[in-house]
Engineer: 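This is the structure I have questions about; it appears just below.
Note that the structure is predicted; figures quoted are calculated from it, not measured.
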Amino acid sequence: MIPSASSANAFLTPELPEQLTEVARNCTGCGVCVRECGFLQQYGSPKQIAESCSPQQDASLTRAFACHLCSLCTAVCPHPLDPAGLFLAMRREAFARGSAAFSEHSPLRQYERTGTSSRFSWYGLPENCDTVFFPGCALSGTRSRTVERTFAHLRQHIPDLGIVLDCCTKPSHDLGDSSHFQTMFSELKNVLSRQGVKTVLTACPNCYEVFSRYAPELSTRSIYATLNQHPLPDARTVTDYVTVHDPCVARFDEDSQTAVRELLWKKGLTVREMPHSKKTTLCCGQGGGVGMLFPDSAREWTEKRLAEAEGNRIVNYCASCTQVFAAHGKSHHLLDVLFQPEQVLADKIKRPRPPLTYFSRLALKHRLQRTLPVAVSHARRAKPAGQDGSLTAVIKKSLLVVALLAAIFAVRNSALSGWLEQDRLRAVIAGYGLWAPLVYMLIYSVAPALLLPGLPLGIIGGILFGPFWGVVYTITSATAGACLAFLISRYLARDLLRKKLTSPRWQQLDQQVADNGWKIVALTRLIPLFPFNLLNYAFGLTPIRFVDYALATFIFMLPGTIAFITFSSSLLELLHGRMSPELIIGLGLIIIVALLPAVYRRRKTRLQQGAD
């Protein structure tokens with residue numbers, strides 16, 4: 001049904017009721033978009049999604065976070081509808097209601113905050129500058145030298161060209177935090193307007209979309225169209241076959257699509273088009289932050305795109321897409337092809353990975369500050385308190401490792417070392433009789449319910465009780481703790497927890513348990529797909545029987561428990577420089593358990609390919 005006026009008033013964002021009405025009224029449910037999209041195949045046609053969306057049910061809103069926002073549905077729709085706009089509006093509504101603060105998105109938000117910080121941002125504007133080059137975060141981090149080469153080449157044709165190292169805050173935009181996005185992007189474009197900038201040349205398709213859509217007072221152009229209007233960089237032409245991945249965010253940018261292919265042709269390369277290209281291109285799998293909430297779904301899209309490439313080199317003009325495909329095959333950024341074609345075809349170009357990309361961005365900024373004569377030098381205001389950059393976080397972690405190594409050295413060279421002899425310590429514990437294991441098991445049983453980490457307790461159990469009794473006490477208490485959290489969720493705090501566990505991942509878990517029962521418990525115990533403590537509560541909200549849950553938890557946690565306790569039971573021996581058989585066996589078992597996710601994914605992929 002079409003949302004009524006009363007239900008529309010219950011929404012917090014004004015755009016969503018309009019979007020719901022538009023899609024519910026005009027979508028015919030023809031199925032064209034559903035056939036192309038895994039998200040719609042799971043949740044229904046845009047019309048069904050619009051009619052079932054309710055301000056009283058967070059789950060009806062947060063399912064939009066399983067959508068890549070790639071706009072393929074909009075591109076293939078035979079009617080003038082924009083379902084992708086509806087799904088973005090649903091995300092914004094969920095964020096406004098406080099039901100979209102998923103911890104899985106924290107790395108992406110931190111990445112964005114780093115890009116907009118005073119340390120990483122810089123606006124270098126020469127005298128009489130009215131045009132700037134905006135390379136974007138990913139390109140600056142993975143290809144800082146390429147950014148410099150591109151900038152220098154563009155300046156041959158635009159002598160007063162400036163450069164802006166900043167983040168367009170597209171992550172906040174896509175995650176539904178429209179308030180933060182508008183604040184940060186308005187600050188960016190206002191600085192440019194005050195300095196007389198009229199044109200922005202973007203290298204990142206995401207940045208191009210943001211500037212084109214939200215900065216109409218500026219003229220936004222893709223550098224690929226600009227490069228295509230001038231002589232190519234001074235580099236040799238080469239001969240080979242490649243295929244082009246059009247980033248989903250550029251599916252409607254026909255100028256860039258045409259320019260990219262013409263630039264490749266000028267370099268002597270022949271393009272073999274994929275079945276989905278240009279307007280109907282597929283997402284690389286990471287659009288809209290879906291990979292953080294649904295890694296399996298994102299991986300399926302990546303593999304589908306790679307299959308369409310049929311082993312050809314993939315040329316991208318999005319740095320993020322390039323990195324996604326590079327993990328699976330030969331994937332190159334167009335700018336690398338233009339400036340270093342021989343190295344590209346010889347696979348000799350190596351790119352930094354996080355956290356080195358942050359150092360690369362800082363180095364780019366400092367090199368430009370030293371070499372570019374500017375009339376205006378500007379950086380973002382100091383970041384808000386409590387928003388440490390990713391580089392600061394890396395430094396903190398490094399200091400923690402140094403402190404831990406220093407503590408180990410101090411212990412080994414002090415009188416305390418004698419108390420850490422394994423036999424002596426276990427003899428002391430044995431003196432307490434049954435009290436020691438009972439206290440240990442009581443603490444371990446309560447820990448999951450209190451969301452306390454079990455890893456430190458497991459280490460202590462292995463050290464104090466050895467490989468056999470350590471496993472017995474740990475698996476018993478871990479199962480008891482998991483069952484306690486399950487019962488609390490099912491009988492004492494069901495409504496409260498249902499409001500808290502609103503992530504689409506938890507909703508998907510509920511459906512999987514309904515379809516597969518105890519097998520999902522077994523899978524998640526063997527392969528850590530979800531945080532263990534939250535998982536115990538989440539299972540209490542599903543229809544699984546308690547007995548099935550308890551047995552599956554005990555049986556399928558046992559392999560990991562045996563591996564970890566066996567390993568940790570000899571840690572004190574390692575501290576004294578001795579390698580025991582238990583340590584080696586435990587390490588081998590941990591490696592085997594750690595390989596289970598990869599084996600699972602490979603088997604799943606083979607089964608899917610066989611089904612196709």
Engineer: Between His230 and Gln156, do the side chains contain an N or O donor and an N or O acceptor separated by less than 3.5 Å?
Structural biologist: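 Side-chain D/A pair, His230 to Gln156: absent.
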Engineer: Can you name the closest pair of heavy atoms from Gln286 and Gly291 and give their distance?
Structural biologist: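 Shortest heavy-atom separation between Gln286 and Gly291 comes out as OE1-CA, 3.6 Å.
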Engineer: Ignoring hydrogens, what is the shortest heavy-atom contact between Asp177 and Arg109? Give both atom names and the distance.
Structural biologist: OD2-NH2, 2.7 Å
Engineer: What verdict does the side-chain contact (heavy atoms from CB on, under 4.5 Å) test give for Leu269 and Val315, after you've listed the backbone C-alpha separation in whole Å, the side-chain angles of each residue and the deciding distance to 0.1 Å?
Structural biologist: CA-CA 11 Å; Leu269 297 169; Val315 175; 5.5 Å; no
Engineer: Looking only at side-chain N and O atoms, does Ser331 offer a donor or acceptor that is under 3.5 Å from a partner on Asn316?
Structural biologist: yes
Engineer: Return the set of residues passing side chain to side chain donor-acceptor pair (under 3.5 Å) with His173 (not counting sequence neighbours), or none when no residue passes.
Structural biologist: Arg92, Tyr214
Engineer: Can you tell me how far CZ of Phe120 sits from CG of Leu364, rounded to the nearest 0.5 angstrom?
Structural biologist: 11.5 Å
Engineer: When rounded to the nearest 0.5 angstrom, what is the spacing between CZ in Arg351 and NE2 in His333?
Structural biologist: 9.5 Å
Engineer: So does Arg97 pair up with Glu93, basic N to acidic O under 4.0 Å?
Structural biologist: yes
Engineer: Among side-chain atoms of Ser121 and Asp166, is any donor-acceptor pair under 3.5 angstrom?
Structural biologist: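 Checked: Ser121/Asp166 side chains show no N/O donor-acceptor pair below 3.5 Å.
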Engineer: Write out all pairs satisfying side chain to side chain donor-acceptor pair (under 3.5 Å) with one or both partners inside residues 192-204, taking only residues at least two apart or from two chains.
Structural biologist: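 Side chain to side chain donor-acceptor pair (under 3.5 Å) check on residues 192-204 returns no pairs.
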Engineer: I'd like to know if the side chain of Ser360 pairs up with that of Ser144 as donor and acceptor (distance under 3.5 Å, no hydrogens or angles considered).
Structural biologist: yes
Engineer: Measure across Arg63 and Ile49 and return the closest heavy-atom pair with its distance rounded to 0.1 Å.
Structural biologist: NH2-O, 3.1 Å
Engineer: Which residues pass the ring-ring contact (aromatic ring centres under 6.0 Å, His included) test with His328, not counting sequence neighbours?
Structural biologist: none
Engineer: Roughly how far apart are His68 NE2 and Trp301 CH2, rounded to 0.5 Å?
Structural biologist: 7.0 Å
Engineer: Establish, yes or no, whether the cationic atom of Arg91 lies under 6.0 Å from the six-membered ring centre of Phe102 and within 45° of the ring axis.
Structural biologist: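 Because its charged atom misses either the 6.0 Å distance or the 45° angle limit, Arg91 does not stack over Phe102.
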Engineer: Among side-chain atoms of Gln323 and Thr142, is any donor-acceptor pair under 3.5 angstrom?
Structural biologist: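 On atom types as modelled, these side chains do not qualify, holding no pair under 3.5 Å.
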Engineer: Can you say whether the rings of Phe211 and Phe185 are parallel (under 30°), tilted (30 to 60°) or perpendicular (over 60°)?
Structural biologist: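 Correct class here is perpendicular.
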Engineer: Around atom CD of Gln369, are there more than 12 heavy atoms from other residues, nucleotides or ligands closer than 6.0 Å?
Structural biologist: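 It does: Gln369 CD has more than 12 such atoms within range.
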Engineer: Return the CG to NE2 distance between Asp347 and His332, rounded to the nearest 0.5 Å.
Structural biologist: 5.5 Å
Engineer: Could you give me the CA-CA distance, side-chain angles and deciding distance for Phe11 and Leu20, then say whether side-chain contact (heavy atoms from CB on, under 4.5 Å) is met?
Structural biologist: CA-CA 11 Å; Phe11 287 109; Leu20 290 172; 3.5 Å; yes
